[in-house]
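Numbered from 1 within each chain, the chains take letters A, B, ... in sequence-line order. Hydrogens, waters and symmetry mates are skipped; everything else that's a heavy atom, side chains included, is used.
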Amino acid sequence: MDLFEYQGKEFFASYGMPVSAGEVAFTVPEAVAAAERLGAPVMVKAQVHTGGRGKAGGVKFAADIDAVREHAGNILGLDIKGHTVRRVWIEKASDIAEEYYASFTLDRSAKKHLGMLSVEGGVEIETVAETNPDAIAKIWIDPIDGLSEATCRDWVAAANLPDAAVEGAVDVLLKLYRAYSEGDADLVEINPLILTPEGSVHVLDAKVTLDGNSEFRHPGYSQYDSTQSRDEREEAAHAKGLQYVGLEGTVGVIANGAGLAMSTVDVVNQVGGSPANFLDIGGGANADVMAGALEVINNDPAVKAIFINIFGGITRGEEIAGGILEAMERVEIDSPIVIRLDGTNADEGRAILEPHLTDELMMQPTMLDAARRVVELAG
Amino acid sequence: MSIFVDENTKVVYQGLTGSQGSYYGRLNRDYGTQVVAGTHPTKAGTDVDGVPIFANVADAVQETGATASCIFIPAPGVRGAVLEAAQGGVEFIVAITEGVPAHDEIYFYNALKRDYPDVLLLGPNCPGIISPGKCNIGITAGHIAKPGGPVGIVSRSGTLTYQALYELKQKDVGVTTCVGIGGDPVPGTSFIDCLRAFQDDPETLAVMMIGEIGGSAEEEAAEFIKNHMTKPVAGYIAGVTAPPGKKMGHAGAIVSGGRGTAAAKIEALTDAGVRVGQNPTEAGELMADIVAGL
């Protein structure tokens with residue numbers, strides 16, 4: 001789950017890291033009131049789950065309250081890479097002497113934690129990696145050992161941070177690692193981490209992705225569930241506990257298993273169609289789950305035809321066929337459905353579906369045939 | 001022959017008393033797997049359908065000679081269960097459970113490498129492993145696999161693994177072992193671990209590899225195939241059209257920062273001499289074609 005900057009800063013602050021005072025605002029009057037409490041000058045920052053806010057005009061310096069009013073008015077409602085800005089973060093402005101970059105993430109290849117630190121902060125780390133890779137000091141951390149202060153000092157030295165920043169950086173990085181590991185984060189990133197003219201090291205931005213699988217030991221993380229960026233369809237599917245990703249096309253896709261669902265989306269594309277979604281209903285494919293899935297797909301106005309692609313493993317073909325028929329009785333479907341049912345007892349399952357086949361409910365023997373038919377129907 | 005498990009493998013099920021564990025434990029036993037024990041901290045001395053329950057894996061190993069463990073414990077308990085199994089003395093651990101935190105996975109991955117380097121962990125979030133006709137540990141439907149070889153299968157996805165087994169059976173092609181390594185970011189067993197074992201297994205003559213978007217495991221496997229494998233490989237990668245930044249069902253299936261795309265994986269595999277199908281059926285056909293030419 002992705003955190004907004006302000007949530008990330010609260011998360012960091014709970015581990016004792018130095019962040020600026022600020023308030024979140026949903027309207028211009030709220031933004032103005034927040035700025036009055038904090039005292040100008042302030043920064044007005046769009047809160048969206050995407051990068052490149054600055055370039056898009058989503059981060060502005062406001063010297064006085066009038067400027068806050070103007071900037072908040074412009075930023076609220078702004079579209080940044082498809083994300084509409086619904087809230088802004090009003091924060092005490094900081095004087096900046098230097099900007100650095102710091103992050104921890106999981107290196108899937110090395111199977112260790114990866115720390116990255118650079119004196120070239122304030123720009124995207126991918127850009128630094130391309131233009132000046134030597135400016136990034138990397139360390140790989142064994143999760144059993146963790147990050148010791150001695151290692152952290154060596155790392156800061158390797159990154160060539162100036163003497164004035166060393167103590168502050170070591171302190172922030174040790175806390176950042178704690179936040180990352182104890183907080184079960186997939187990613188913690190500070191860009192920029194700044195050195196102020198007075199010589200203190202300060203967190204100026206926060207990008208945090210938490211592992212949703214760890215919620216059982218962090219019950220507080222459920223608060224972030226409502227601020228994830230999901231479209232209406234994804235929200236409805238999420239409420240039903242379905243693995244759903246909204247896409248732009250016209251073919252509704254239902255499949256069992258993440259791999260098969262991905263594969264189904266691919267095949268629809270390969271035969272010239274465009275999938276409206278990815279939807280994995282898991283192994284069982286029973287009537288309840290199927291009905292929920294059909295409801296979500298059916299409520300998507302873009303869907304012109306539906307592809308149900310099920311491979312029976314432990315769950316037998318006749319159970320799956322029964323589930324589909326039962327689900328269709330419960331949900332009024334507006335689009336034609338093409339089913340491909342294969343695997344365990346596929347023949348028995350198909351025999352159950354056979355008498356119910358119409359112009360609105362069709363069956364095809366293979367995934368490719370079914371994809372072609374459904375794409376044809378979707379126009 | 002087969003890799004990792006065969007008719008001599010004796011399995012203890014951690015979580016055999018639970019609904020998933022007892023359901024699949026019975027199915028595995030019906031298939032012919034030696035299901036010798038289950039564990040539960042407070043139910044030692046009882047049994048599930050005649051299979052004795054012990055307090056922990058160490059006791060089960062001592063009393064039954066179990067060589068492998070299969071974990072059906074809910075996600076919060078998986079870290080403890082994996083370490084208990086390794087400590088208990090099994091040589092192979094299959095963790096079926098999905099939803100295990102990534103920090104737990106990376107922790108026990110490194111703990112095993114350090115303290116129990118000879119123990120192999122498969123999963124978590126995987127369908128398990130089947131050596132058709134000999135041993136089936138996990139949630140694969142045994143009858144969709146034809147025993148005997150000559151193909152070895154390794155896959156990150158459950159249903160696509162079943163699909164592959166089924167396609168090969170339809171074409172009358174047998175399988176030595178089929179390994180589902182799972183869709184999480186830090187799988188205990190990698191593609192390379194399986195490819196190396198298949199390369200060394202005299203009865204496996206060709207390998208089918210099914211990958212998906214996210215991470216770089218397929219690229220690393222391609223490098224291994226290029227440099228170390230003499231046996232032919234057919235492959236398939238799911239998620240060619242997946243949008244960046246979205247997790248496609250599996251925790252590990254995500255294209256982020258332009259990395260982990262299917263295109264890059266297909267290119268690396270093709271470059272390593274792997275015949276890559278455009279869809280699972282085509283990959284099955286390519287595999288059958290390779291087998292026909294052996």
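Residues of residues 22-30 of chain B lying under 4.5 angstrom from chain A, judged on non-hydrogen atoms, are Y23(B), Y24(B), L27(B) in numerical order. Residues of residues 258-265 of chain A that come closer than 4.5 Å to chain B, counting heavy atoms only, are A258(A), G259(A), L260(A), M262(A), S263(A), V265(A), ordered by residue number.
Around NZ of K171(B), the count of heavy atoms belonging to other residues, nucleotides or ligands within 6.0 Å exceeds 12.
By number of non-hydrogen pairs under 4.5 angstrom with chain B, the leading residue of T50(A), D211(A), V268(A) is D211(A). Chain A forms more heavy-atom pairs under 4.5 Å with one residue of R114(B), Q170(B), E167(B), E220(B) than with any other, namely R114(B). Comparing Q243(A), Q270(A), E126(A), M367(A) by how many heavy-atom pairs each has under 4.5 Å with chain B, the most go to Q270(A). With chain A as partner, the option from T241(B), I237(B), I139(B) having the largest number of non-hydrogen pairs under 4.5 angstrom is T241(B). Annotation: maximal heavy-atom pairing with chain A below 4.5 Å, among G214(B), P185(B), P243(B), occurs at P185(B).
At a 4.5 Å heavy-atom cutoff, the contact between K247(B) and chain A is made by backbone and side-chain atoms alike. At a 4.5 Å heavy-atom cutoff, the contact between Q278(B) and chain A is made by backbone and side-chain atoms alike.
Within the 4.5 Å cutoff, side-chain heavy atoms of C178(B) are placed close to those of T161(B).
Atom-to-atom distance recorded for Y166(B):OH and I144(B):CD1 is 9.0 Å, nearest 0.5 angstrom. Here the straight-line distance linking atom CD1 of I181(B) with atom CG of L121(B) works out to 11.5 Å at 0.5 Å rounding.
Using a 4.0 Å cut-off between a side-chain N of Lys or Arg and a carboxylate O of Asp or Glu, R217(A) and D104(B) qualify as a salt bridge.
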